[in-house]
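Given the structure is predicted, the values throughout are model-derived calculations rather than measurements. Order of the sequence lines sets the chain letters (A, B, ...), proteins ahead of strands, with each chain counted from 1.
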Number of protein chains: 2
Amino acid sequence: MTGVSQATVSLVLNGRDDGSVRIAPETRERVLLAIRDTGYVADPVARRLAARHNRILGVFTYEPVFPAGTGDFYHPFLVGIEESAERLGCDLLLLTSAPVTDGRRRIFHDDNRLRLADGCVLLGRSLDRDELGRLVAEGHPFVSVGRRDDAGGPVPYVGADYTTATADVVRRTLDAGHTRLAYLGQGAGPESHADRFAGYRTALDAAGLPTRHEPTDRSPADLLDALLTAGVTAVMVEEYADGVALAAVAAERGLTVPADLSILALGDPTRPTTRDLEFTGFRIPRREMGWQAVEVLTGLLAAMPGTATQRLLPCQPVDGVTLLPPRH
Amino acid sequence: MTGVSQATVSLVLNGRDDGSVRIAPETRERVLLAIRDTGYVADPVARRLAARHNRILGVFTYEPVFPAGTGDFYHPFLVGIEESAERLGCDLLLLTSAPVTDGRRRIFHDDNRLRLADGCVLLGRSLDRDELGRLVAEGHPFVSVGRRDDAGGPVPYVGADYTTATADVVRRTLDAGHTRLAYLGQGAGPESHADRFAGYRTALDAAGLPTRHEPTDRSPADLLDALLTAGVTAVMVEEYADGVALAAVAAERGLTVPADLSILALGDPTRPTTRDLEFTGFRIPRREMGWQAVEVLTGLLAAMPGTATQRLLPCQPVDGVTLLPPRH
DNA sequence: TCAAGGCGCTAATACGAATTATCACGCCGA
DNA sequence: TCGGCGTGATAATTCGTATTAGCGCCTTGA
């Protein structure tokens with residue numbers, strides 16, 4: 001249309017104006033006019049092929065991205081991720097095509113789409129160790145939402161400081177006068193659980209008090225029996241929903257929370273449950289985590305030296321109504 | 001590594017085995033082994049450039065995809081879309097990079113990423129007419145979630161049949177004995193509003209009863225006054241939250257819903273609101289709509305002749321507690 | 001007088017895969 | 001000996017863009 005070469009169009013299109021490249025203003029105008037007339041837009045795919053990056057951030061979750069039944073625990077993370085992506089002018093690629101093998105999605109498989117994105121945000125309570133190691137080994141730019149132990153190398157992450165937050169909750173409980181505390185949950189396995197338990201143990205050790213660990217495989221009723229028998233007056237629950245179930249059973253028995261038993265929630269519910277009782281404890285800064293995850297990722301991509309690639313954000317204390325001094 | 005050419009690797013990788021191409025089983029094995037050893041994966045972008053498709057479906061919303069404050073109205077659509085995409089082995093590209101101009105996101109702009117995806121799902125109460133027309137004119141494969149009027153050509157969509165659903169609600173209201181009904185909402189503008197109003201009008205016309213249209217720009221208190229003055233006994237509300245507000249004002253006045261005033265909800269809340277009162281009316285089959293939208297889109301992409309590209313799904317009636325016969 | 005550099009643009013190439021026309025080879029029959 | 005044929009693999013081209021070395025002419029300064 002304008003009688004210029006493809007290269008010139010490319011230069012005009014990209015507004016190249018630095019010293020090394022010059023386009024006569026008159027030519028530039030002609031080209032711009034033709035672009036406007038035709039509504040021409042460069043093919044993003046070809047563009048990406050040449051440029052080797054494409055302003056796409058991958059989002060990989062080990063559970064469905066839009067959880068139907070998990071009480072939207074992941075939703076706030078995604079809100080944060082989306083907000084950051086929008087601000088940065090990036091698109092998000094939800095890696096939904098990853099096939100499910102042995103009950104979980106796998107990043108690596110024979111038609112792995114990871115390289116579609118410049119980098120990747122990983123979401124999920126527990127990430128597969130092997131896959132994490134491979135990501136590190138192969139040098140894929142990625143960030144985990146949630147702290148992760150090293151996997152053959154440091155793992156970039158934006159996590160919540162469960163250890164400190166849990167220790168704080170324990171201290172508040174001790175300050176209220178409790179001396180017999182129990183921890184209800186796995187306390188091990190995923191980093192988020194281990195970290196909570198570490199905070200619990202540390203705070204009680206510092207106070208010279210014994211720890212007590214209750215597994216989650218019993219019925220709430222049996223659990224309550226065990227707690228009462230042991231004289232426990234305050235329980236820290238790893239999973240919010242377990243606290244709700246415990247409170248419900250206590251109510252059935254004619255006990256009141258927190259007068260007879262204090263219950264402290266170590267985070268937000270990951271399973272759907274009622275929220276009419278506002279538990280004392282802390283909240284996970286989920287949106288902020290998603291937000292910073294994208295920040296860390298783009299920092300990695302730009303190879304910005306100043307960016308901290310392992311971040312722990314403080315949790316937000318919640319006063320709530322489930323902590324009172326023990327009866328005796 | 002194997003001493004074969006790039007072409008051979010490509011052929012092996014894609015399992016080409018038709019008559020026109022032959023690979024010696026021994027060679028194929030060698031190549032497959034090397035692929036396994038190195039963990040090689042074809043670059044999806046280059047692949048797309050050559051093959052002209054890449055199993056990526058774009059998702060464009062005129063509001064944030066992960067709504068922070070809009071009460072998650074869009075969430076169920078996305079759940080459906082994700083489920084379909086996963087089943088089909090497609091990835092989803094959230095077009096978050098689209099810049100916001102004049103208060104809304106635009107699909108078309110100078111660095112339009114639409115073509116990164118094979119096709120696109122459009123989400124939003126009202127889509128921009130011009131952009132819709134351009135999508136049709138330029139032949140982009142896309143589907144709208146929600147019925148749309150023609151835009152220079154038929155628009156592929158998966159919508160909810162608001163007209164029929166609203167007419168049904170009106171009939172149920174008439175069957176309960178009401179004769180003075182009002183419609184609260186815009187009743188025009190977006191297709192979803194116009195369709196509801198059309199159903200409302202049709203059902204009342206058929207019954208030989210007058211229609212009454214209340215705009216939404218007044219305070220709930222003023223609105224209630226107007227309704228009572230006019231002797232209205234049942235109100236159909238376009239927007240759930242408006243119904244909640246109306247019920248709240250009624251309660252303040254000492255009136256009871258539905259004894260003194262029946263309120264019928266024409267769909268799910270799009271604004272955050274309380275849901276402790278279960279409104280009579282209908283629900284939008286959002287998940288199913290997302291599900292079928294992907295189906296229509298892939299039908300378009302595969303140019304399958306049998307696929308209906310305009311679908312209206314029935315809404316689900318809700319019995320609820322806000323409809324009773326009028327007092328007099 | 002001549003080398004150096006400015007000028008505006010383009011030819012050529014790279015990016016990484018998919019596809020196709022073609023080739024070398026060995027074998028068989030005439 | 002030669003042509004034809006089935007095999008198995010490859011060289012070359014394509015997709016649409018970004019990038020860069022250099023084109024030939026002219027000006028400048030030493």
Rounded to whole angstrom units, what separation is found between the [atom1] atom of [X] and the [atom2] atom of [N]?
{"X": "B:Asp43", "N": "C:dA14", "atom1": "CG", "atom2": "P", "value": "18 Å"}
{"X": "A:Leu11", "N": "D:dT19", "atom1": "CG", "atom2": "P", "value": "9 Å"}
{"X": "B:Gln6", "N": "C:dA14", "atom1": "CD", "atom2": "P", "value": "14 Å"}
{"X": "B:Leu13", "N": "C:dA17", "atom1": "CG", "atom2": "C1'", "value": "9 Å"}
{"X": "A:His53", "N": "C:dC15", "atom1": "NE2", "atom2": "C1'", "value": "13 Å"}
{"X": "A:Arg48", "N": "C:dC15", "atom1": "CZ", "atom2": "P", "value": "13 Å"}
{"X": "B:Leu49", "N": "D:dT14", "atom1": "CG", "atom2": "C1'", "value": "9 Å"}
{"X": "B:Arg47", "N": "C:dT19", "atom1": "CZ", "atom2": "C1'", "value": "14 Å"}

Among [options], which is the nearest nucleotide to the side chain of [X]?
{"X": "B:Thr27", "options": "D:dT17, C:dG16, D:dA9", "answer": "D:dA9"}
{"X": "A:Val4", "options": "C:dT10, C:dA17, D:dT19", "answer": "C:dT10"}
{"X": "A:Ala7", "options": "C:dA12, C:dA18, D:dG16", "answer": "C:dA12"}

Checklist entry - If you pin B:Ser5 and B:Ala50 to their nearest nucleotides in DNA chain D, which one's is more 5'? => result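 That would be B:Ser5.
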Item to check | Residue closer to the 5' end of DNA chain D, B:Arg52 versus B:Arg28 (nearest nucleotide) | outcome: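 It is B:Arg28 whose nearest nucleotide is closer to the 5' end.
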Checklist entry - Which part of the nucleic acid does A:Ala24 contact within heavy-atom distance under 4.0 Å: base, sugar-phosphate only, or nothing? => result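 The answer is sugar-phosphate, as A:Ala24 gets under 4.0 Å only of primed atoms, P, OP1 or OP2.
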Checklist entry - Just checking A:Arg16: base, sugar-phosphate only, or nothing, at a heavy-atom cut-off of under 4.0 Å? => result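 Result for A:Arg16 = sugar-phosphate.
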[X] vs [Y] side-chain heavy atoms within contact, under 4.5 Å:
{"X": "B:Val136", "Y": "B:Arg148", "result": "no"}
{"X": "A:Phe108", "Y": "A:Leu135", "result": "yes"}
{"X": "B:Asp17", "Y": "B:Arg28", "result": "yes"}

Are OP1 or OP2 of [N] and a side-chain N or O of [X] less than 4.0 angstrom apart?
{"X": "A:Arg22", "N": "C:dC9", "result": "no"}
{"X": "A:Ser10", "N": "D:dA18", "result": "yes"}
{"X": "B:Thr8", "N": "D:dT10", "result": "yes"}
{"X": "B:Tyr40", "N": "C:dG16", "result": "no"}

Checklist entry - Ion pair present between A:Asp149 and A:Arg147, side-chain N to carboxylate O less than 4.0 angstrom? => result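 Here A:Asp149 pairs with A:Arg147 in a salt bridge, since their nearest N and O are under 4.0 Å apart.
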Checklist entry - Any ion pair linking A:Arg87 and A:Glu83 (charged N to carboxylate O, less than 4.0 Å)? => result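 Salt bridge between A:Glu83 and A:Arg87, a charged N being under 4.0 Å from a carboxylate O: no.
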